[in-house]
Every structure is written in structure tokens, then in C-alpha cells.
K.L.:
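Dropping a structure here in C-alpha cells format, bear with me for questions.
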Amino acid sequence: MKILEAAHVSKSFDGQQVLKDVSLSVNSGDVIAILGPSGSGKTTFLRCINFLERADAGTIWFDGREYDLHSMRGSDISRIRMRTGFVFQNYNLFRNKTALQNVTEGLIVARHMPKEQAEQIAIEQLRRVDMQDRRDHFPSQLSGGQQQRVAIARAMATDPEVIYFDEPTSALDPELIGEVLSVMRDLASQGMTMVVVTHEMTFARNVSSRTILMEQGVIAEEAPTQEFFENPKTERTKAFIRTFMNR
Amino acid sequence: MSERLIGILIDSFTKILVPGLLYTIPLTAISFAVALVIAVFMALVQFMDIKGLKQFARFYIWVIRGTPLLVQLYVVFYGLGQLGLLLPPFLAGIIALSVNEGAYCAETVRAALESVPKGQMEAGECVGMSYLQTMRRIVLPQAMRTAFPPLSNSLISMLKDTSLVANITVAEMFMAAQRIVARTYEPLAVYIEVGAIYLLFSTVLTYFQRKGEKALGTYEFR
């Protein structure tokens with residue numbers, strides 16, 4: 001079942017076009033890995049479809065309705081955001097809130113859920129990412145990997161239809177990457193719909209169902225993951241896979 | 001030191017301290033509270049880039065920071081009086097002091113708001129909170145924590161600035177000291193004494209500043 005479809009998304013920064021007519025369709029249960037060199041536009045694309053950047057052109061289809069990304073109303077944006085989650089490269093946990101409060105905040109403030117119920121959900125989600133013991137810690141008292149796991153719990157708690165991950169392990173020390181990827185692998189195996197911008201080729205290959213290579217603002221190749229890695233169609237993808245797999 | 005001088009100093013201590021408690025402290029507390037409200041408002045309209053209000057805030061800060069507090073006091077008390085708006089001196093003092101301090105504190109709060117990483121607002125919006133909800137619950141509290149030390153500076157500075165209100169006939173500490181000097185001809189001792197009482201007050205404020213920073217410091221920023 002199709003959850004969302006972004007079509008013909010374009011975006012320029014200061015006359016430099018970073019996204020050129022990019023389209024993506026997401027079905028329920030998909031785990032889509034978006035790969036690509038730095039500056040290829042993959043993060044910008046993710047930010048455009050969650051309205052953190054306003055696209056110059058393009059549409060998004062969500063829950064039976066199509067919206068124009070450039071002229072979308074704030075109330076429509078909020079309504080869609082209520083049903084999506086976003087995990088940032090540098091976690092962006094609320095610095096003045098504990099781990100538990102980070103997870104409950106969106107439930108209590110945005111969704112008007114009673115505090116007890118929100119805390120129950122939060123504890124459950126923190127347990128899922130194995131952070132329940134640190135629930136009263138502030139972000140500054142947690143390692144990067146722990147912060148990112150809390151951020152994933154925060155995204156999960158709102159029961160989203162899809163979670164976007166923007167390079168979730170790129171800011172982490174190498175020894176902390178594993179714990180975050182393992183949480184993400186668990187989510188994927190439980191059927192969570194995910195769109196993951198990443199540099200982790202192994203994760204893309206082993207976990208994702210579909211892989212996309214972006215380059216210079218366009219999609220260079222999109223294919224089911226196995227096909228993408230074992231039988232890439234474009235020279236560009238072959239070269240990209242060679243470079244990364246040989247590291 | 002002569003016995004007479006010691007007598008004057010002891011006698012004048014309560015005569016200075018009581019106006020301090022009756023005028024200087026309330027003037028400082030009330031004016032600073034109002035100044036904070038003005039400051040947060042002026043900082044927010046600039047930070048949020050609200051057309052019209054932002055320009056008004058810049059104009060307000062430009063005028064107030066560019067003119068002496070003493071002149072502002074005279075305009076509010078004597079100037080408005082000429083237009084028929086006769087304000088009680090204490091009230092005129094509060095207005096001038098809070099409008100004056102508000103301009104300085106607005107810049108402090110604005111800088112503090114700008115120091116909060118953009119990702120905090122984005123994270124709030126991504127969990128479904130509105131801009132204003134995120135501002136109130138996430139960004140502003142962090143900014144106020146950052147602004148706390150410089151705002152404490154402003155508070156201490158304002159405590160001392162209340163001495164200027166003697167010029168518009170408020171019988172606060174400094175005016176009490178001036179009266180005692182006029183009677184006793186002991187300017188050196190009495191003015192040092194009133195200075196010492198200001199120092200005492202600001203020491204207490206500094207103590208509370210340290211306490212407050214500790215209380216607010218339960219979460220440290222990276």
C-alpha cells in the first residue's frame with residue numbers, strides 16, 4: 001500500500017540547483033536506503049519532503065491527497081508531520097529535557113495526551129531502544145549513540161507511518177555506530193516504514209528493501225536492493241559500489 | 001575617627017537603609033521584572049522577524065540605548081508633566097528604568113535566542129509541535145538559561161542606576177544620604193557609607209545569581 005509519493009521535487013540554494021526533478025514513492029513496510037556522495041542532494045530531498053526546507057517545485061501525495069510542496073499551507077504541513085518521524089544526523093534532542101521528556105514532549109504538547117499515558121508509551125519506546133535505565137538523564141549526560149537511540153524512541157513514540165533518517169550514524173564515533181544500526185535493523189524487521197539517507201553500505205545492502213543512488217541532484221539509479229548491489233545498471237552505480245565496498 | 005563622626009555614621013545607617021528597603025529594592029525589583037517582559041517581547045519579535053514590530057523594536061533599542069538614563073527620567077517626569085501627564089515620581093522612575101533596561105536586556109535575550117541551535121526548533125516541529133509551542137517549551141527556556149548571567153549583570157547595574165531617581169524627587173537611598181550630608185557636612189564618610197550599602201545589596205544579588213545559576217544548571221550544554 002502506498003503511503004506517500006513525492007514527485008518532481010526541485011530545490012535551489014543561491015542559484016545552485018541541488019535537487020532536479022526527484023521523485024520517490026514509499027509503500028508500507030518499505031525500507032528505502034538513499035545513497036550518494038556528499039552534496040548529491042539526498043539530505044536536502046529528505047528535508048524537503050518533511051518541509052524543513054521549502055522546495056521550489058514538486059508535489060507530495062499523502063493519505064489520499066496531493067499537496068504542492070512550494071505553496072503548502074502550514075496546517076497541512078503540521079497534519080502530515082503529526083504522522084511522520086524524523087531522526088537527525090546530530091540527534092537534536094531537546095537539551096533542556098530528560099530522555100523521557102524528550103519522548104513525551106510531542107505526545108503531551110502536540111497531541112494533548114495525558115501525562116501518564118505519554119510516559120507509559122515513552123518508557124515502552126525507551127525500552128525498545130534499550131535506554132530505559134537512562135530515562136532521567138539529560139542529553140549532555142548521554143553518549144552520541146545513546147542520544148541517537150533516544151531520538152529514535154522519540155520518533156517511534158508518535159506512531160508514525162514513516163520515519164525519515166538523515167544520516168543517523170554519520171556524527172557518531174565508529175564504536176557507537178553499531179548500537180544505532182542494530183536498533184534500526186530491529187525496527188525494519190518489525191515492519192516499520194523507513195527512508196534512510198546513509199553512507200552505511202552494509203546496512204543498505206542487508207536491511208533495506210530498495211536502494212537509491214543520488215548524484216548531482218538527480219536519482220542515478222533506483223532498484224530493489226539485491227538487484228542494485230548485484231546487478232547495477234549504470235556505470236555510475238558500479239563505480240560507486242566499487243569505491244565503497246573496497247574501503 | 002571622632003566620636004561625633006561615628007555617631008553620625010551609626011545614626012545615618014538606618015536613615016539610609018530604610019529608604020533602601022522602601023524605595024531602592026522595590027524600584028529595582030519591579031522595574032527589572034517589567035524590563036524582562038519588554039526584553040523577551042522585543043527579542044522575540046526580532047528573532048521571529050515579525051514585520052513592523054521588528055522595525056519598532058530596532059527603533060526602540062536605538063533610541064533608548066543612545067540617550068542617557070538621566071535624560072529619559074527627566075523626560076518622563078518633568079517632560080510628560082508639562083503635557084499634563086503628572087506621574088507620581090516613584091511610578092515615573094519605574095517607567096523610565098524599565099523602558100531603559102528593557103532595551104539592553106532585549107539585546108541579551110536576542111543573542112541568547114540566536115545561540116540556540118536551529119536543530120532544536122526543527123526537532124520540535126518534527127514531533128508535531130507548532131513554532132510557538134517549540135519556542136515556549138524548548139528554545140526560549142534554553143535561551144533564558146544562556147541569558148541568565150548577563151541578565152544578572154543588568155540587574156546589578158540597575159540596582160545602582162536607581163540612585164539617579166533621586167533627581168526626580170524619589171526619596172531613595174542616595175537622596176537620604178544627600179540630606180544627611182547637607183545637615184552634617186560629612187560628605188566623605190556618608191557617601192562612602194551609602195556606597196557600602198549599595199555594595200551590600202549587590203553582594204546579596206550576586207549570591208542569588210550564583211544560587212540561580214546552580215539551580216538552572218541541572219542540564220549542562222555540550
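Atoms considered below: every heavy atom in the structure, side chains included; atoms not considered: hydrogens, waters and symmetry mates. A note on names: the letters A, B, ... follow the listed sequences, proteins ahead of strands, and every chain is numbered from 1.
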K.L.:
Please look at A:R79 and chain B and tell me whether the side chain, the backbone, both or neither of the residue comes under 4.5 angstrom of a heavy atom of that chain.
P.N.:
neither
K.L.:
Count the heavy atoms belonging to other residues, nucleotides or ligands that lie under 6.0 Å from OH of B:Y131, then report whether that count exceeds 12.
P.N.:
yes
K.L.:
Out of B:G128, B:P117, B:A123, B:S130, return the one with the most heavy atom pairs under 4.5 angstrom to chain A.
P.N.:
B:A123
K.L.:
Got a donor-acceptor contact below 3.5 angstrom from the B:Q120 side chain to the A:R95 backbone?
P.N.:
yes
K.L.:
May I ask you to test the A:N96-B:R145 pair for a side-chain heavy-atom distance under 4.5 Å?
P.N.:
no
K.L.:
What closest approach, in Å, do B:Q142 and A:F94 show between heavy atoms, and which atom pair accounts for it?
P.N.:
NE2-C, 4.3 Å
K.L.:
With heavy-atom distances below 4.5 Å as the criterion, would you say the side chains of A:F88 and B:C126 are in contact?
P.N.:
yes
K.L.:
I need the minimum non-hydrogen distance between A:K97 and B:I138, along with the two atoms involved.
P.N.:
CE-CD1, 3.9 Å
K.L.:
Counting only heavy atoms closer than 4.5 Å, note whether A:R111 contacts chain B via side chain, backbone, both or neither.
P.N.:
side chain
K.L.:
Under 3.5 Å, side chain of B:E122 to main-chain N/O of A:L52, donor-acceptor pair present?
P.N.:
no
K.L.:
For B:F77, does the CZ atom sit with more than 12 other heavy atoms under 6.0 Å from it, leaving out its own atoms?
P.N.:
yes
K.L.:
Taking atom CZ of B:F208 as the centre, report whether more than 12 heavy atoms of other residues, nucleotides or ligands fall under 6.0 Å from it.
P.N.:
no
K.L.:
Just wondering, are more than 12 heavy atoms of other shown residues or ligands nearer than 6.0 Å to CZ in B:R210?
P.N.:
no
K.L.:
With sequence neighbours excluded, what pairs up with A:K115 under the side-chain contact (heavy atoms from CB on, under 4.5 Å) test?
P.N.:
A:I108, A:E119
K.L.:
Looking at A:E66, I want to see if its CD is surrounded by more than 12 non-hydrogen atoms of other residues, nucleotides or ligands under 6.0 Å.
P.N.:
yes
K.L.:
Select, from A:M82, A:R154, A:E105, the one with the greatest count of heavy-atom pairs under 4.5 Å involving chain B.
P.N.:
A:E105
K.L.:
Take a 6.0 Å sphere around NZ of A:K2 and say whether it holds more than 12 heavy atoms from other residues, nucleotides or ligands.
P.N.:
yes
K.L.:
Measuring heavy-atom distances to chain B, does A:T84 have an atom under 4.5 Å in its side chain, in its backbone, in both, or in neither?
P.N.:
backbone
K.L.:
More than 12 heavy atoms of other residues, nucleotides or ligands under 6.0 Å from CD of A:Q120: is that the case?
P.N.:
no
